[in-house]
Colleague: 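Okay, handing you the structure first.
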There are 2 protein chains.
Amino acid sequence: MIFKKKPIVAFPPKDFYRLDHKMYVATDCIILGYDSNNLKLLLFQRNLEPFKGEWSLIGTFVHLDESLEEASERVLEQTTGLTNIFMEQTFTYGGLKRDPGYRCVSIVRYALIRLDEHDTKLAKEYHAKWFSLDELPNMILDHQQMINDALEILREKAKKQSIGFELLPKKFTLPQFRRLYESIYQKEIDPRNFRKKVLSLDILTKLEEKDKSNSKKGAFLYTFNALKYGKNFASKAGLDF
Amino acid sequence: MIFKKKPIVAFPPKDFYRLDHKMYVATDCIILGYDSNNLKLLLFQRNLEPFKGEWSLIGTFVHLDESLEEASERVLEQTTGLTNIFMEQTFTYGGLKRDPGYRCVSIVRYALIRLDEHDTKLAKEYHAKWFSLDELPNMILDHQQMINDALEILREKAKKQSIGFELLPKKFTLPQFRRLYESIYQKEIDPRNFRKKVLSLDILTKLEEKDKSNSKKGAFLYTFNALKYGKNFASKAGLDF
DNA sequence: TATAATAAATGTAATATTTACATTTAATAA
DNA sequence: TTATTAAATGTAAATATTACATTTATTATA
């Protein structure tokens, strides 16, 4: 067989595994939490060149002895203290010029954490700060794009899976749950319709307790029922609004 | 600031851009076409070690002087002759052991092409063969997983976008269109319901011509109306069945 | 030229889902 | 006791989905 053009990898000639094809492989981590009615994002202020003083996602080079998942989980643990966290890959960014000086592709994953469970001391150490999505600072490189893409994917995910499971505290109120979805979908959701749909999924357990931090009347607390969740969330409609 | 653990990339020490973090970066291409009522996948039989004689997706190393997109488009053009094709990234695979002998991450994109437009001579040259999804051969490495993931993403995509635009010939019949969706969703779709929904989107132009290759009566041919498509497909429901 | 065969084309009623909308209630603070 | 506030709640209309069977156009054949 004769190659008309440059050979491709399905048929690699012996000299194809060449050093000059190697690149840096990084992973960037979009850490999302939910607090006081807003979806928030953990950003880091760099304390070294390049881009010293500027804001960025947290990332790392992927080491040769770890998987992509291990790399992003390492970063997440180092900066939040958390393990066993919901993370999902979004896209890989590999533009020629995306990082000045050296060629580097970056695999992005987003993480959904419970704000009240993360190690704030670590966050401080790493010069990290939580930002509401509507007041993000300028970020380095293509990080804003990464965030936009991740939020779009999160929105799709939220339709099919109760993202609240990951983001809300163990006990939460329906208005809190609703406001989470409002901040994901960036639109108001009618409280009666939200309540109707969520309760119809039959994935929650209502507690006797009330949370009175937001009103005099107080709102009943709920927990997710993992068992019911697994059984009942298969519904086609899910949590689309 | 003192690092308690290994430093991470937001604060890279000078020696961090080290050669030993570099990896091979590949891209694998899932080439999908639609023919005689079946979604089909172009696979390649390797003619060199490693894995000589086995089937695989077509891929390439990403060159230092090209973007990820350019790399996969290069492969697609080399093997099908096609340019300007719908391609979308799925996931990046970077398990430690996914490729024996060297560490390599692979970014996967799928391409939707019109079978009747691709260069069959090239396909032959590259030892390529079209397979129906239900009779795929064993493939090397994690390629089966890549395909499974891509099909899941394609299914979601098909709900929100008329995949037919990319896969069907310029002129097509409604039964043809329906069978495409049946083979994407892997289930039967009621012809009356399909027709009703598709026509309600108002994105097609009905032609006078009939295609009589499948029946004595013949089925009317349609084309996509790109203009209407852009305007009218915003519908929430889309093509979910 | 009549008939058989075949896939294409078509409509409707029942059910389920989504949307829109306003009042009452429980608790606290004044 | 009253005012205030957010939580809780129900219903009707509109829309979307599903289920289902007959007629039609054409060709091939008897």
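Residue numbers start from 1 in every chain, and the chains themselves are labelled A, B, ... in the order their sequence lines are given, proteins ahead of strands.
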Colleague: If the condition is ring-ring contact (aromatic ring centres under 6.0 Å, His included), which residues does Phe172(A) pass it with, not counting sequence neighbours?
Modeller: Phe177(A), Phe224(A)
Colleague: Report the distance from atom NZ of Lys197(A) to atom P of dT11(D), rounded to the nearest whole Å.
Modeller: 20 Å
Colleague: Between atom CZ in Arg195(B) and atom C1' in dT18(D), what is the gap in whole Å?
Modeller: 18 Å
Colleague: Quick one: which of Leu42(A), Thr83(A), Ile58(A), Ile85(A) gives a side-chain contact (heavy atoms from CB on, under 4.5 Å) with Leu76(A)?
Modeller: Ile85(A)
Colleague: Can you check each nucleotide of nucleotides 22-30 of chain C against protein heavy atoms at under 4.0 Å and return B for base, S for sugar-phosphate only, - for none, in 5' to 3' order?
Modeller: B--BBBB--
Colleague: Classify the angle between the aromatic ring planes of Tyr181(A) and Phe241(A) as parallel (below 30°), tilted (30 to 60°) or perpendicular (above 60°).
Modeller: perpendicular
Colleague: Check every atom of dA20(C), dA9(C), dT17(D) against the side chain of Lys196(A) and return the nucleotide holding the closest atom.
Modeller: dA20(C)
Colleague: Whole-Å distance between dT9(D) P and Phe220(A) CZ?
Modeller: 8 Å
Colleague: For Leu204(A) and dA8(D), what is the distance between atoms CG and P respectively, to the nearest whole Å?
Modeller: 12 Å
Colleague: Which whole-number value in Å describes the distance from Asn193(B) CG to dA9(C) P?
Modeller: 16 Å
Colleague: Looking only at the side chains, is there a donor atom on one of Asn148(B) and Gln144(B) sitting less than 3.5 Å from an acceptor on the other?
Modeller: yes
Colleague: Taking the nucleotide of DNA chain D with the nearest heavy atom to each, does Asn214(A) or Asp190(A) sit closer to the 5' end?
Modeller: Asn214(A)
Colleague: Starting at CG of Leu221(A) and ending at P of dA6(D), how long is that distance when rounded to a whole Å?
Modeller: 18 Å
Colleague: Students often mix this up, so state it plainly: with edges at 30° and 60°, are the rings of Tyr126(A) and Phe44(A) parallel, tilted or perpendicular?
Modeller: perpendicular
Colleague: Any side-chain donor paired with an acceptor under 3.5 Å for Asp28(A) and Tyr93(A)?
Modeller: no
Colleague: Between the side chains of Arg109(A) and Glu69(A), is the shortest nitrogen-to-carboxylate-oxygen separation below 4.0 Å, so that they form an ion pair?
Modeller: no
Colleague: Under a 4.0 Å heavy-atom cut-off, which of residues 170-184 of chain B touch DNA chain C?
Modeller: Pro175(B)
Colleague: Find the distance Leu239(B):CG to dA16(D):P and express it as a whole number of Å.
Modeller: 14 Å
Colleague: In whole Å, what is the span from the CD atom of Glu188(B) to the P atom of dT18(D)?
Modeller: 15 Å
Colleague: Between Tyr34(B) and Leu180(B), is there a donor-acceptor pair closer than 3.5 Å when you use the side chain of the first and the backbone of the second?
Modeller: yes
Colleague: Can you confirm whether more than 12 heavy atoms, excluding those of Glu188(B), are under 6.0 Å from its CD atom?
Modeller: no
